[in-house]
Every structure is written in C-alpha cells, then in structure tokens.
Amino acid sequence: MTTDHVDRVLVAGGGIAGLAVRRALHRRGLPSLTLERRGDPAEAGLAINLPGNAVRALAQLGLLDDLRAVGTRVRRREYRTERGRLLFAVDEEAFWGVETGPHCLRRGDLMRLLQLDLPAGDLRLGAGVVAGRQTPQGVEVDLEDGTVERGGLLVGADGVHSRVRRSLFDDRAPGAALLATQSWRFMVPNPGVEAWTLWAGAGALFLLIPVDRGEAYGWVSTSGGPVAGLDPAGLRRAFAPFPDLVRDTLETALAKPASIHHSPLEEVRIPSWSRDRTVLVGDAAHATAPVWAQGAALALEDALVLADLLEAGRDWRSVGPDYERLRRPRVAHVQAMTDRLSRTARLPGWARTLLLPRIGPRSYRATYDPLRTAVTS
C-alpha cells in the first residue's frame, strides 16, 4: 500500500524529538505524519532534567503552564566529591530566571505534554521506519509492515541508532562518549536531596535530582569496560568510597533490578545533517553525553527552527542547508563544552578537588550563557 502526500512532512520517530517536530509543525498549520515503531514510546518510569533553554523551547511550543504542573523546579545545582565535600554550587533559578528556570519531570509526562491538544490521526504507533529514500517528487519510507509512505520532506528523529541516517547518510555514528562508556538510570524514593546533586569519584559519577511524589531520578556512570547489562558487584565496588546516602540509594535501586535501565554512553558527530529532502534532528543528528543535559533541549530547539523554515515557504530541498547553518554553531558549542567537562571529570580526584571550585562555576556560565538566547522569536 502506498499513500501520496507530497505536501506533508514525514517524521521518523515518536520520541521527544519527533513529537516536538510534530507539535511545532501543527502550531504552524503544516501537515505531517509521525511514524513510531513502538506501541507506547513513553518511558514513564524515568525522568529527564530540562535546563533553562529546554524550558524556554517548551514555552515557545505553548507548554510552559502545563510543564509547571508536573515534576519539580530545579533551583540549585551542587557538585560534590566522592566523600561528600561540596566543591561548588550554582543558583540555577537566579541564572536562568524564574520564568525559564530548570525543571525535572518524568519522561512520560514530557511525552504527554508534547501531544496535548493534537489530532490523533497524524501519529502512527507500531509503524517502524526501515529505510528512507529520495524520489523525483519527494521522499519515501518503507515501514516494517511492508507499507510505504510518501511526503515532501523526511525528518529523521529516530535517535542515536537512526535508521534514516543509516539509509541516507554516510553513517559513521555513533561513537563512544569521552565521559564514560556506560550509564544506568532509575527512580528511587528521595533520600533527602533538595537540589541537582552530583558526586564525582575515580571513574564513577552519581547524580540525584528530586522529581515529585517523594521520588528522585538517579543517573550513574562508570568508566570500566563494556557491560551488557547490570553488574551489581561492579557498581558496588565503584561507589564503595562514596557517602552513606549514595551507597544506600544505590542499594535501594539494586533491590529492584528490573527498574534499572542500562544505557551505553554514545555520541553522534557527523559532517552533514541534511541531504536533499531529508533532515536529521535531535540525537539522530548530534547525540552528546548528558554532561549538560542538552539532549532534549537541543531536540526541542531543532524542532522550532525547522518548523520556522518550513513555514517560511522555502523550497523544501533547500531547507536542510539553512537548518544546518542556524543550528550547527549552537550544537558545536555544546559539544565543545561537553568535551571540556568530560575531560575534567576524568582527572585524578586530587586535581578535580583543586580545580573545580574555581573552574566549575566559570564552566557553567560559559556553557549556558550562549544558550539563554532563544533560537526563534
């Protein structure tokens, strides 16, 4: 079965990036069809931290009030040693402002927000894209069920292991992140943290962020060799020098191993994000280690910029270069700052303890200052 709709945008992927593109297009009156391979893409059991530029992007998508009704505001950020000593702290609300201060919420809640008040007919679940191709009239995608969909533009929003990128681009991605090789994510009863709090040790990082309902989001990483899944003994060894609060929280998470999600830390850095009538957004184009929590933020911004270009009525074959021209500098800045902090995180403990109180606040400002400027008016 083949459907001809050369005036619509096909969006491969119904995660945060794809749903943001769908919403941004809908708000501008541009027809689209979003194709998601999973039956229910929402990871309701996990959370996500949104810096101020992500919150601003959600405001531009008409979701600020709805965002503030779920999750929790993140007003303070703390960096600590593996022994618990405070190296430096940042007043995030003062930096970003009350209106667009950082926010932490469940990923499933963010997915639901992005779909508020949108018609159901332009999102198809259980419709995985196998491959995409250019045609004289536009683009086509082959779906896992054997059907074909056509459109005037294809947006690859299908994540780190993008099938769109693999089928249409010189795909040399993803690669291992400089920060570490692997990480684990989980939700736990909040052990008493009131701020975004990171403990950094030798080859191990432990982050806790308060969310809501008495729970906190946990993210941990280690720099050991690749592990296919959960390695409780290895995690216990890595975090043995850390404070009781950290070790006890880890034990709470390990008591429910099925709720711990293992994620290799991978990055995507490729020379081109567009080709003719195909454009990559979000992690498919530029996944980065979560040092500055910019994965979702950059994806939301990508959606806004791309939708603006399409609304302007440009020839869709020329939208890609304009999109890259507008987005490359901002993404390159985030990548550079990610590499800088990743190298700092891998320093010996004595060097981090010596340097971070001085360079940490400067790195925070240097990273986020350029991101306080909105990407669209």
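These values consider heavy atoms only, across backbone and side chains, with no hydrogens, waters or symmetry-generated copies. Computed from a predicted structure; not experimentally measured.
Between Glu93 and Arg76 there is no salt bridge, since no side-chain nitrogen of the basic residue lies less than 4.0 Å from a carboxylate oxygen of the acidic one. One finds a salt bridge joining Glu140 and Arg133 here, because a Lys/Arg side-chain nitrogen approaches an Asp/Glu carboxylate oxygen to under 4.0 Å. Between Arg68 and Glu99 there is no salt bridge, since none of the side-chain N atoms of the basic residue sits less than 4.0 Å from a carboxylate O of the acidic one. A salt bridge links Glu301 to Arg330: at least one charged side-chain nitrogen sits closer than 4.0 Å to a carboxylate oxygen. Between Asp158 and Arg38 there is no salt bridge, since no side-chain nitrogen of the basic residue lies less than 4.0 Å from a carboxylate oxygen of the acidic one. Salt bridge Arg75/Asp91: absent, no basic N to carboxylate O contact under 4.0 Å.
Residues Leu118 and Leu64 do not share a hydrophobic cluster, clusters being chains of Ile/Leu/Val/Met/Phe/Trp/Tyr side chains in contact below 4.5 Å. By the criterion of side-chain heavy atoms lying less than 4.5 angstrom apart, applied directly or through intervening Ile, Leu, Val, Met, Phe, Trp or Tyr residues, Leu33 is not grouped with Val130; the two fall into different hydrophobic clusters. Using a 4.5 Å cut-off between side-chain heavy atoms of Ile, Leu, Val, Met, Phe, Trp and Tyr, with links allowed through other members, Leu355 and Tyr364 fall into the same hydrophobic cluster. Val164 and Ile270 fall within the same hydrophobic cluster, where Ile, Leu, Val, Met, Phe, Trp and Tyr residues are linked whenever their side-chain heavy atoms come under 4.5 Å apart, directly or through other members.
The heavy-atom pair separating Arg277 from Gly138 by the smallest distance is CD-CA, 3.5 Å. The heavy-atom pair separating Leu10 from Gly151 by the smallest distance is CD1-N, 3.7 Å. Residues Leu208 and Gly218 share a closest heavy-atom pair of CD2-CA, 3.8 Å.
Looking at residues two or more places apart in sequence or on another chain, you find a side-chain hydrogen bond (donor to acceptor under 3.5 Å, both in side chains) between Gln134 and Thr278. Applying the ring pair (Phe, Tyr, Trp, His ring centres under 6.0 Å) rule to His286 yields the partners Trp273; only residues at least two apart in sequence or on another chain are considered. Taking Asp212 as the reference, Arg106 meet the side-chain hydrogen bond (donor to acceptor under 3.5 Å, both in side chains) condition, with sequence neighbours excluded. By the ring pair (Phe, Tyr, Trp, His ring centres under 6.0 Å) test, Tyr217 pairs with no residue at all, sequence neighbours left out.
Residues Leu110 and Leu58 are in side-chain contact: their nearest non-hydrogen atoms beyond the backbone lie under 4.5 Å apart. Side-chain contact between Glu324 and Val279 is absent, with no heavy atoms from C-beta onward closer than 4.5 Å. Val188 places none of its side-chain heavy atoms less than 4.5 Å from the side chain of Asn190. Using a 4.5 Å cut-off on side-chain heavy atoms (C-beta onward), Leu356 and Phe88 make contact. By the 4.5 Å heavy-atom criterion applied to side chains, Arg327 and Asp302 are counted as neighbours. Side-chain contact between Leu310 and Arg28 is absent, with no heavy atoms from C-beta onward closer than 4.5 Å. With contacts defined as side-chain heavy-atom distances shorter than 4.5 Å, the pair His161/Pro174 qualifies. Residues Leu50 and Leu67 meet the side-chain proximity criterion, which asks for heavy atoms closer than 4.5 Å.
Taking the ring axis of Phe169 as reference, the NZ or CZ atom of Arg275 stays within 45° of it and closer than 6.0 Å to the ring centre. A cation-pi arrangement is found for Arg77 relative to Trp196, the charged atom lying closer than 6.0 Å to the ring centre and inside a 45° cone about the ring normal.
Within the 3.5 Å criterion, the main-chain N or O of Gly175 finds no donor-acceptor partner in the side chain of Arg269. Checked by atom type and distance alone, the side chain of His333 pairs as donor or acceptor with a backbone atom of Thr367 at under 3.5 Å. At distances below 3.5 Å, not a single donor-acceptor pair connects side-chain atoms of Thr72 with backbone N or O atoms of Cys104. Between the side chain of Arg165 and the main chain of Val160, a donor-acceptor pair closer than 3.5 Å is present. Looking at Arg85, its side chain never comes within 3.5 Å of a backbone N or O of Thr353 through a donor-acceptor pair. A donor-acceptor pair under 3.5 Å is formed between the side chain of Arg56 and the backbone N or O of Arg372. A donor-acceptor pair is defined here as one N or O able to donate and one able to accept, closer than 3.5 Å; no such pair exists between the side chain of Arg185 and the backbone of Trp219. Proximity of a side-chain donor or acceptor of Glu251 to a complementary backbone N or O of Arg247 within less than 3.5 Å is not detected. Between the side chain of Asp142 and the backbone N or O of Thr147 there is no donor-acceptor pair closer than 3.5 Å. Arg365 places no side-chain N or O within 3.5 Å of a backbone atom of Phe95 that could act as its donor or acceptor partner.
You'll find the ring centres of Phe206 and Trp184 outside the 6.0 Å limit.
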Table please: side-chain donor-acceptor pairs of residues 288-295 below 3.5 Å, with sequence neighbours left out.
{"unit_1": "Trp292", "atom_1": "NE1", "unit_2": "Met337", "atom_2": "O", "d": "3.1"}
{"unit_1": "Gln294", "atom_1": "OE1", "unit_2": "Asn53", "atom_2": "ND2", "d": "2.9"}
{"unit_1": "Gln294", "atom_1": "NE2", "unit_2": "Asn53", "atom_2": "OD1", "d": "3.0"}

Output a table of donor-acceptor pairs, distance under 3.5 Å, between side-chain atoms of residues 12-23 and any protein atom two or more places apart or on a different chain; print 'none' if there are none.
{"unit_1": "Arg22", "atom_1": "NE", "unit_2": "Asp122", "atom_2": "OD1", "d": "2.8"}
{"unit_1": "Arg22", "atom_1": "NH2", "unit_2": "Pro119", "atom_2": "O", "d": "2.6"}
{"unit_1": "Arg22", "atom_1": "NH2", "unit_2": "Asp122", "atom_2": "OD1", "d": "2.7"}
{"unit_1": "Arg23", "atom_1": "NE", "unit_2": "Leu61", "atom_2": "O", "d": "2.9"}
{"unit_1": "Arg23", "atom_1": "NH1", "unit_2": "Leu114", "atom_2": "O", "d": "3.3"}
{"unit_1": "Arg23", "atom_1": "NH1", "unit_2": "Leu116", "atom_2": "O", "d": "2.8"}

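For the residue pair Thr197 / Arg80, no side-chain donor-acceptor distance below 3.5 Å is found, with atom types taken as modelled. If you check the side chains of Gln60 and Thr376, you find a donor sitting under 3.5 Å from an acceptor.
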Handout entry: Worked verdict on Glu78 versus Leu86 for side-chain contact (heavy atoms from CB on, under 4.5 Å)
Key = CA-CA 7 Å; Glu78 296 182 355; Leu86 180 64; 3.8 Å; yes

Practice task
Apply salt bridge (charged side-chain N to carboxylate O under 4.0 Å, His left out) to the pair Asp109 and Arg213, showing each step before the final yes or no.
Solution key: CA-CA 13 Å; Asp109 286 338; Arg213 309 174 209 166; 3.8 Å; yes

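How far CG of Asp117 is from CG of Leu63: 9.0 Å, rounded to the nearest 0.5 Å. Taking CG of Leu35 as the start and CD of Glu144 as the end, the distance is 10.5 Å to the nearest 0.5 Å.
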